[in-house]
*Asks:* 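Take a look at the following structure, please.
Lettering follows sequence order; numbering is per chain, from 1. As a basis for the values below, the full set of heavy atoms in this structure was taken, side chains included, without hydrogen atoms, waters or symmetry mates.
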Number of protein chains: 2
Amino acid sequence: MAKPAKRSRDAYHVGNLAPQLLAAARTLLEEVGPTKLSLRAVSERVGVSATAAYHHFQNRNELISHLAAQGFAELAAALQRAYSSGSGLDKVRGGSLAYLHFARSNPALYQLMFGPEFTDETLIPALQRERLAAFGELKRMVAETLGQALDSSDVRKASVAAWSYIHGLTSLVIHGLLPGAAGNSDEHFVDRTLEGFAALAISCSPPIK
Amino acid sequence: MAKPAKRSRDAYHVGNLAPQLLAAARTLLEEVGPTKLSLRAVSERVGVSATAAYHHFQNRNELISHLAAQGFAELAAALQRAYSSGSGLDKVRGGSLAYLHFARSNPALYQLMFGPEFTDETLIPALQRERLAAFGELKRMVAETLGQALDSSDVRKASVAAWSYIHGLTSLVIHGLLPGAAGNSDEHFVDRTLEGFAALAISCSPPIK
DNA sequence: ACCTGAACACCGTTCAAGT
DNA sequence: ACCTGAACACCGTTCAAGT
């Protein structure tokens, strides 16, 4: 709320610098984009020296890892809120809308979450955990629409399929690869692609004898 | 083939520096990843001053734009080669395999192609053109499996759906978000997700009366 | 026309020193 | 324990000067 005024001289020790840095990074992220988020700019915005962050995070990667973890936690929560008791299609549509809406509301964060900085196996525990939690939420939805156990083979396969679809659509929309990506509603994209899948499913299923 | 030996003093003018820079950038890209590809490192590898590139490209963004354009052109070619005259499912499977195989063979390039550097509308013509050409190839495949005209509404919707699916799957595999992403074959991922969609389609279609 | 070198404004990161 | 300042090795980019 308040502007990030210069820290007064007597507040040499901050006490809660880590969360302040994360908050500043979060807003800066959406301002400058995922590739141009710099530790120095974050520190300056908080009003602290350029190297202060190193007493709370190992390096830039650990800072943005926490940002990404935060993003997955919020995505999981959004999916949970989207719980729908309608038909199978209603559940899939509801979840897809919640997913796409979260990403379009936090485009830079979403790009960061699936960005190239976290490809290797050296993920911090928080990121690994929240990522799994978000995917777990998706699996729960799929299990319900299929009416099968959470750990069944069908649910695992269908969950990866559903995640591929909604992540792919989201990614294309956010990066502006779809014509009119800016002007159209979440419902527009989700409903049209769902119709597209239905058409493909009919053409791909072997003719019923 | 040959090592990028130091340019001899008499070759002050190179003549074809632009393609040399692109070639060096392409190999460096896969070595260091899409975010850490630096103009200076590319120039050094070619054996030219750090600022020479600015006589052939406006800036770093234009250089990597050409790289991305190259990537989309190769992706389009790969999809074209994957032409399959089998059933609808065969066509979708063949195209998906070609797509995923291209991306897994050029992971950093694929990440660059869909990276955050090209979100705005200021795309260079080459990139816009090749991107459209690649998507056109995908549309052609979808039109054939649906048995409908290239510009029909069904084909447009199903094409975005298909692109969402395969881009999403590819992205998840490449970024290592899927368990065992490294060890499994292209066929494994494509066949399993295709089965997953089939299961979802059955649960989502309204009960046949 | 094509390339270089010095210069500027940035980065991430380290380390000794301050409070 | 927590933070700063100077320092190092990098960046992208500009601009005057060299060939």
*Asks:* Sequence neighbours excluded, which residues qualify as side chain to side chain contact (heavy atoms under 4.5 Å, CB included) partners of A:Leu28?
*Replies:* A:Glu31, A:Val32, A:Leu37, A:Ala41, A:Val42, A:Arg45
*Asks:* Determine whether a donor-acceptor pair (one donor, one acceptor, N or O, separation below 3.5 Å) exists between the side chain of B:His55 and the base of C:dC3.
*Replies:* yes
*Asks:* Does a donor on one side chain sit under 3.5 Å from an acceptor on the other, for A:Tyr99 and A:Tyr110?
*Replies:* yes
*Asks:* Grab the two heavy atoms, one from B:Val142 and one from B:Ala162, that are nearest each other, plus how far apart they are.
*Replies:* CG2-CB, 4.1 Å
*Asks:* Under 3.5 Å, which N/O atoms of the protein pair with N/O atoms of nucleotides 7-11 of chain D?
*Replies:*
{"from": "D:dC11", "atom 1": "OP1", "to": "B:Ser38", "atom 2": "OG", "distance (Å)": "3.4"}
{"from": "D:dC11", "atom 1": "O5'", "to": "B:Ser38", "atom 2": "OG", "distance (Å)": "3.3"}

*Asks:* I'd like to check the ring pair (Phe, Tyr, Trp, His ring centres under 6.0 Å) partners of B:Phe135; sequence neighbours left out, ordered by chain and number.
*Replies:* B:Trp163
*Asks:* Donor-acceptor check, side chain of A:Thr193 to backbone of A:Gly196, threshold 3.5 angstrom: yes or no?
*Replies:* no
*Asks:* 5'-most contact on DNA chain C: A:Ala50 or B:Ser49, nearest heavy atom basis?
*Replies:* B:Ser49
*Asks:* Can you tell me if the side-chain N/O atoms of A:His56 get under 4.0 Å from OP1 or OP2 in D:dA1?
*Replies:* no
*Asks:* Check whether any side-chain heavy atom of A:Leu109 sits under 4.5 Å from a side-chain heavy atom of A:Glu30, and report yes or no.
*Replies:* yes
*Asks:* Just grab all the ring-ring contact (aromatic ring centres under 6.0 Å, His included) pairs involving residues 37-60 of chain B, residues at least two apart or on different chains.
*Replies:* B:Phe57-B:His66
*Asks:* Under a 3.5 Å cut-off on both pairing distances, which runs of 3 or more consecutive Watson-Crick or G-U pairs involve DNA chain C?
*Replies:* C:4-8 with D:12-16, C:12-16 with D:4-8
*Asks:* Mind checking what makes ring pair (Phe, Tyr, Trp, His ring centres under 6.0 Å) contact with A:Phe189, not counting sequence neighbours?
*Replies:* none
